[in-house]
There are 2 protein chains.
Amino acid sequence: MVDKSWKIPEVALAVDLAVLTVRAGALQIMLVERGIEPYRGKLALPGGFLSDVDENLDDAASRELAEETGLELAGLHFEQLGTYGAANRDPRRRVVTVCYLAFVPELASPTAGGDARSAAWVPATTALDQRTELAFDHKKIVEDAVERARSKIEYTTLAAAFCAPEFTVADLRQVYELVWDEPLDPRNFNRKVTGTEGFLVATGAQTSRQSGRPAALYRRGPAHLLHPAMLRPPPPKPDTTRTS
Amino acid sequence: MVDKSWKIPEVALAVDLAVLTVRAGALQIMLVERGIEPYRGKLALPGGFLSDVDENLDDAASRELAEETGLELAGLHFEQLGTYGAANRDPRRRVVTVCYLAFVPELASPTAGGDARSAAWVPATTALDQRTELAFDHKKIVEDAVERARSKIEYTTLAAAFCAPEFTVADLRQVYELVWDEPLDPRNFNRKVTGTEGFLVATGAQTSRQSGRPAALYRRGPAHLLHPAMLRPPPPKPDTTRTS
DNA sequence: CCAAAAGTGTTCCCGTTACACCCATGC
DNA sequence: GCATGGGTGTAACGGGAACACTTTTGG
């Protein structure tokens, strides 16, 4: 092995963020409107280049999100989604981006600070719609982010990360239903999540509401993995019988 | 948003490979002995820097593996494991590495070409042993790779990627047992894998052996996902009864 | 016949599903 | 009381675990 460091090509390293929430009855993702070319005016994931050579990737991700959207990741769940580095993904020059995935509750203020004029929550269905154009390869990244979210809530307790600090079983069920786009049986769901040790911690408090029995309030429990997993209902099978 | 491209810090981008196989009754990983500082003489994952600005990450991974170990990834399964970019992971300068995970069958020749003098299969247990020192943060990467392999064979058909083109149910079972380090019931395992549509395709041929009934030979089937998943037997619970 | 490994049948158990039913609140 | 949603009981079903048993080879 020879030392090749003298001829290392110059690659720009960026971080991008796919920040998901559940609000207004839909899974939504934080997008910003680009202010510069290329793709000026198009929607894009928040993100940007490392600020200096000694900045950790995670720190860069937090910083960029705060700068562009005013959203603080401190204390919230985020994880690496993947690295996107196709040679031609940025027309200007070679850019490799490390993308992070974050799950935030609805109350995280959408555009509370920074260069946040253009930041907005967009329904995932809109972002993924054929007619919506996203900058760079960001549509592919959004696809991957949504798919990761869908599978992660199967075997982890991360669905609760979309809920406010105190929430009802119905709130949590709605998260699953909206992320999976599948209806769930409220009764079986209730038994399952309350029976899974470490998922929910009862606060003792109850909701008051206009009608119907008050629901118990819970906080997130200490468990991170779900045993057994929440099973996503299988999509209705294509009907193999003829319709003659 | 302002254009910051003029002050993008110089980060070196590398690719590393965690190539796993099952051979000699153990899960093993391909490691090379470093020929240069830092960590000269220490074991490391094969990998290196991009060869030029227009090289795709996947291509760089294939190329580096072939150069360093003579192993060809063409046609084999590999996927991105993660990106490791702690600011201080390389003492020379800032290096961010995109790491790939590959599953190869035993017959992949260990050191068939290239700069392969120092390439060798090392049991995963040895690589992860406290007394084994690996270069950079490669021990952490190996941990992640092994953990990813353990969980991936639960819900995908990738265990078969460790087997020769034609293999018996017992061969496949041994893969699971060695990767998970858990014994499995041969009879239930047989029913399960042969009953899962698309996992195995019978060739009709049989093995001949010294003793015992010949086993049917199979090839990998078209399925990639396992439905239902193979369940990893839960590690024996700590005994809660006293030993008094 | 015996040993060894492949493969089948059967039973038990547990978790999911589907749905009837009861509970607690506002009006 | 009645509507509305929260929560429990329960029976049917399906897959996994455990293990007795049969099959097919070599010696």
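As a basis for the values below, the full set of heavy atoms in this structure was taken, side chains included, without hydrogen atoms, waters or symmetry mates. Residue numbers begin at 1 in each chain, while the letters A, B, ... track the order of the sequences.
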TODO: Determine whether L200(B) and F167(B) make a side-chain contact, defined as any pair of heavy atoms from C-beta on separated by less than 4.5 Å.
DONE: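 SC-SC contact between L200(B) and F167(B) confirmed.
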
Task: Pairs meeting criterion ring-ring contact (aromatic ring centres under 6.0 Å, His included) with involvement of residues 190-223 of chain A, two or more places apart - done: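 Sorted pair list comes back empty.
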
- [ ] Not counting sequence neighbours, list each pair that qualifies as a side-chain hydrogen bond (donor to acceptor under 3.5 Å, both in side chains) and has a residue in residues 155-166 of chain A.
- [x]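 Non-adjacent pairs meeting side-chain hydrogen bond (donor to acceptor under 3.5 Å, both in side chains): E166(A)-R219(A).
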
Got a sec? Which of [range] come in under 4.0 Å of DNA chain C, heavy atoms?
| range | answer |
| --- | --- |
| residues 160-171 of chain B | A170(B) |
| residues 186-204 of chain B | R187(B), N190(B), R191(B) |
| residues 211-225 of chain A | G212(A), R213(A), P214(A) |

Check for a donor-acceptor pair, side chain of [X] on one end and backbone N or O of [Y] on the other, with a separation under 3.5 Å.
| X | Y | value |
| --- | --- | --- |
| D129(B) | R131(B) | yes |
| T21(B) | R23(B) | no |
| R173(A) | T168(A) | no |
| E177(A) | L184(A) | yes |
| T203(B) | A205(B) | yes |

TODO: Could you tell me which residues satisfy side-chain hydrogen bond (donor to acceptor under 3.5 Å, both in side chains) with E154(A), sequence neighbours excluded, listed by chain and number?
DONE: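 Residues passing side-chain hydrogen bond (donor to acceptor under 3.5 Å, both in side chains) with E154(A): R232(A).
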
Open item on the list: Tell me every residue that passes salt bridge (Lys or Arg N to Asp or Glu O under 4.0 Å) with D144(A), counting only those two or more places apart in sequence or in another chain.
Closed with: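 Here the qualifying residues are K140(A).
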
TODO: Apply salt bridge (Lys or Arg N to Asp or Glu O under 4.0 Å) to D59(B) and list each qualifying residue two or more places apart in sequence or on a separate chain.
DONE: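 In terms of salt bridge (Lys or Arg N to Asp or Glu O under 4.0 Å), with neighbours along the sequence ignored, D59(B) is linked to no residue.
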
- [ ] Would you please name every residue forming a side chain to side chain contact (heavy atoms under 4.5 Å, CB included) with A159(A), sequence neighbours left out?
- [x]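 Scan of A159(A) (side chain to side chain contact (heavy atoms under 4.5 Å, CB included), adjacent residues dropped) gives I153(A), L172(A), V175(A), Y176(A).
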
- [ ] Identify, with sequence neighbours excluded, every residue that meets side chain to side chain contact (heavy atoms under 4.5 Å, CB included) alongside T126(A).
- [x]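 In terms of side chain to side chain contact (heavy atoms under 4.5 Å, CB included), with neighbours along the sequence ignored, T126(A) is linked to V122(A), P123(A), T132(A).
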
- [ ] Under 4.0 Å from any heavy atom of chain A: name the first and the last nucleotide of DNA chain C that qualifies, 5' to 3'.
- [x]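 Footprint of chain A along DNA chain C, 5' to 3': dG15(C) to dG26(C).
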
Open item on the list: Determine whether R148(A) and E79(A) satisfy the following criterion, side chain to side chain contact (heavy atoms under 4.5 Å, CB included), listing intermediate values before the conclusion.
Closed with: CA-CA 11 Å; R148(A) 173 83 68 96; E79(A) 63 184 46; 2.8 Å; yes

TODO: Tell me, please, the opening and closing nucleotides of DNA chain D, 5' to 3', among those with an atom under 4.0 angstrom from a non-hydrogen atom of chain A.
DONE: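 Here the contact window of chain A covers dT4(D) to dT10(D).
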
Task: Check ion pair K139(A)-E133(A) (N to O, under 4.0 angstrom) - done: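 Looking at K139(A) and E133(A), the cut-off is not met.
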
